[in-house]
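Scroll down for the structure; my scribbles are underneath it.
Owing to the predicted nature of the structure, the values given are computational and were not obtained by experimental measurement.
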Amino acid sequence: MTEEARSFDVVIVGAGAAGVGFGVTLRHLGIENFAILDRAAVGASFLRWPRQSRFITPSFASNQFGLLDLNAVCLDTSPAFSVGVEHPTGVEYANYLRGVAGHFELPVETGIDVLSVARKEQDQRFRVETNGGDIRARFVVWAGGEMQYPRTHGFHGAELCLHYANVTSWDDLAGGERCIIGGAESGVDAAVALAAAGRRAVVFDRGEPWNRRGSDPSQLLSPFTRARLVSAFDSGRVTLRGGCTVIGVCRNGNGYRVTLEDGDVLDCTEKPILASGFVGSASLVRSLFDWRDEYFPLLTENDESTVTTGLFLIGPQVRHDDLVLCFIYKFRQRFAVVANRIADRLGVSTKPLERYRPYAMYLDDLSCCGGVCAC
């Protein structure tokens with residue numbers, strides 16, 4: 001560690017929905033000595049969305065009635081008010097995040113690539129190595145996005161496919177029929193967009209998410225997506241093949257061959273679309289977490305690493321038992337939990353966080369989650 005290294009109480013890695021929202025929470029606590037680092041730009045993950053993609057959760061400016069916009073990352077803001085649409089595009093939402101960062105004067109530093117993070121036990125601080133020099137921090141809050149880290153494995157030949165995350169616009173793809181591997185939100189979004197462009201698509205998924213029923217929106221298609229799928233299916237351009245497990249993709253002359261577990265094969269002229277989800281950015285600091293499985297870290301009740309004191313995780317990779325916190329309106333509820341823990345260790349009053357509770361922005365009792373809708 002050089003003498004020139006900058007020092008902060010808190011370093012937030014990532015300037016997306018989680019990083020910006022948590023930065024505002026620190027502001028509300030009066031914590032000033034922090035930095036938000038991002039290798040690209042504020043809202044970079046959203047800027048990578050395909051041009052046709054929209055938020056599946058609707059935005060309404062209802063703060064004056066005590067109801068926070070589902071897509072807001074902090075109190076007193078609303079994407080519906082800022083960008084004026086109910087289902088924002090990625091670009092529109094990034095504009096909202098930039099507006100929030102500017103209004104609250106968040107200390108965002110872009111163009112800063114975090115190369116490594118290590119905890120120095122001798123002084124109980126972190127060494128954050130970046131392309132702009134080393135940084136010291138008492139706490140690191142990992143808030144990296146997902147879009148930059150697609151899940152591109154799982155079966156033989158997966159590398160031959162085009163992942164959803166690498167599509168700029170569905171209108172720009174070649175016009176032949178497309179096989180889509182994965183029928184959850186991103187897979188159906190791809191099929192709907194292709195159908196809207198006059199193309200045909202065949203969607204494969206073993207679990208048939210389009211038929212799944214339940215009350216947890218993280219486990220089934222959103223109403224917004226389901227309604228669009230019905231329209232695309234009725235057009236005759238989308239075929240759904242449930243109960244199918246893809247076990248391989250290979251080249252077949254100038255096209256591709258998709259092989260299913262039951263031995264069936266389908267030949268297609270265009271590169272298959274892989275809609276298999278995301279690895280998540282926490283994998284970049286894998287050794288600083290214990291892992292519940294390949295993709296999700298083990299966390300304490302305060303979303304702190306179980307093996308690295310002072311390292312916290314916020315955002316869509318947060319899991320607690322069977323509770324999935326992948327949507328913005330879910331994972332924003334944990335910002336106050338993490339901020340409370342950090343403020344307590346810094347000797348800062350946590351009283352301002354009580355304002356978060358009436359807006360369902362302070363979820364510190366997970367036992368209240370998991371209720372089932374009556375009808």
Side-chain angles (χ1 to χ4, degrees), residues 46-59 85-93 146-147 150-152 154-155 158 160-213 217-246 249 252 254-260 264-278 327:
F46 300 100
L47 294 173
R48 292 175 60 97
W49 279 16
R51 192 172 67 233
Q52 295 80 8
S53 296
R54 300 291 187 272
F55 263 70
I56 59 176
T57 43
S59 280
V85 296
E86 184 176 341
H87 293 276
T89 65
V91 171
E92 289 168 338
Y93 194 75
E146 291 190 314
M147 199 71 174
R151 191 182 302 176
T152 56
F155 56 85
L160 297 175
C161 301
L162 175 63
H163 196 280
Y164 176 92
N166 295 320
V167 176
T168 301
S169 171
W170 298 105
D171 293 342
D172 296 340
L173 299 186
E177 182 177 76
R178 293 275 177 170
C179 296
I180 300 175
I181 303 169
E185 287 290 344
S186 59
V188 172
D189 184 62
V192 167
L194 289 169
R199 320 285 177 72
R200 295 184 58 84
V202 182
V203 183
F204 298 91
D205 196 290
R206 175 177 53 191
E208 302 184 9
W210 49 83
N211 286 330
R212 194 177 302 151
R213 308 300 295 177
S218 298
Q219 307 289 345
L220 64 156
L221 294 181
S222 67
F224 178 67
T225 299
R226 187 179 296 277
R228 292 181 298 142
L229 174 60
V230 169
S231 178
F233 183 81
D234 288 346
S235 74
R237 298 191 183 103
V238 173
T239 301
L240 303 175
R241 295 194 57 175
C244 297
T245 300
V246 174
V249 171
N252 181 33
N254 293 325
Y256 299 83
R257 172 163 292 174
V258 177
T259 302
L260 305 181
D264 194 11
V265 297
L266 182 70
D267 292 329
C268 49
T269 58
E270 309 296 346
K271 183 175 290 191
I273 303 298
L274 189 59
S276 54
F278 305 89
F327 290 134

Would you say Arg200 and Thr239 make side-chain contact, with heavy atoms under 4.5 Å? yes
Least distance between heavy atoms, Gly207 atom then Arg212 atom: O-NH2, 3.4 Å
Interatomic spacing from CG in Asn252 to CG in Asp267 - rounded to 0.5 Å: 4.5 Å
Separation between CG of Leu162 and OH of Tyr256, rounded to the nearest 0.5 Å: 9.0 Å
At their closest point, which heavy atom of Val203 faces which heavy atom of Ala191, and how far apart are they? CG2-CB, 3.7 Å
Give a yes or no answer on whether the side chain of Arg178 reaches the backbone of Lys271 with a donor-acceptor pair at less than 3.5 Å. yes
Return the minimal non-hydrogen interatomic distance between Phe46 and Phe55, and the atom names on each side. CE2-CZ, 3.6 Å
Which heavy atom of Pro150 sits nearest a heavy atom of Met147, and at what distance? CD-O, 3.9 Å
Yes or no on salt bridge (Lys or Arg N to Asp or Glu O under 4.0 Å) for Asp189 and Arg228, after CA distance, side-chain angles and deciding distance? CA-CA 8 Å; Asp189 184 62; Arg228 292 181 298 142; 3.1 Å; yes
Indicate yes or no: at least one non-hydrogen side-chain atom of Phe204 is less than 4.5 angstrom from one of Cys179. yes
Sidechain-backbone polar pair: Gln52 side chain, Trp170 backbone, donor-acceptor under 3.5 Å: yes
Could you go through Leu229 and Val238, starting from their C-alpha distance and side-chain angles, then the distance that decides it, and tell me whether this counts as side chain to side chain contact (heavy atoms under 4.5 Å, CB included)? CA-CA 8 Å; Leu229 174 60; Val238 173; 4.2 Å; yes
Side chain to side chain contact (heavy atoms under 4.5 Å, CB included) evaluation trace for Glu92 with Val85: CA-CA 9 Å; Glu92 289 168 338; Val85 296; 3.4 Å; yes
To the nearest 0.5 Å, atom CG of Asn166 lies from atom SG of Cys161 at 11.5 Å
Close side-chain approach of Ile180 to Leu274, heavy-atom, < 4.5 Å: no
If I compare all heavy atoms of Arg151 with all of His163, which pair ends up nearest, and what's the gap? O-CD2, 3.3 Å
Which atom names give the shortest non-hydrogen contact between Pro272 and Val249, and what distance separates them? CG-CG1, 4.0 Å
Within-4.5 Å side-chain heavy-atom neighbours: Leu173 and Glu270: no
Do NZ/NE/NH1/NH2 and the carboxylate oxygens of Arg241 and Asp205 come within less than 4.0 Å? no
Worked check of side chain to side chain contact (heavy atoms under 4.5 Å, CB included) between Leu220 and Arg226: CA-CA 9 Å; Leu220 64 156; Arg226 187 179 296 277; 4.2 Å; yes
Thr259 and Asp264, any side-chain heavy atoms less than 4.5 Å apart: no
Using a 6.0 Å cut-off, check whether atom CZ of Phe327 has over 12 heavy atoms from anything other than its own residue. yes
Salt bridge or not for Arg199 and Asp171, using N-O below 4.0 Å? no
Under a 4.5 Å cut-off applied to non-hydrogen side-chain atoms, are Trp49 and Pro88 in contact? no
From Ser186, Ser276, Ser53, residue fulfilling side chain to side chain donor-acceptor pair (under 3.5 Å) relative to Tyr164: Ser53
Non-hydrogen side-chain atoms of Thr269 and Asn254 separated by less than 4.5 Å: no
Is it true that a side-chain atom of Glu185 and a backbone atom of Ser222 form a donor plus acceptor pair closer than 3.5 Å? yes
Do the side chains of Ser59 and Glu86 get nearer than 4.5 Å, heavy atoms only? no
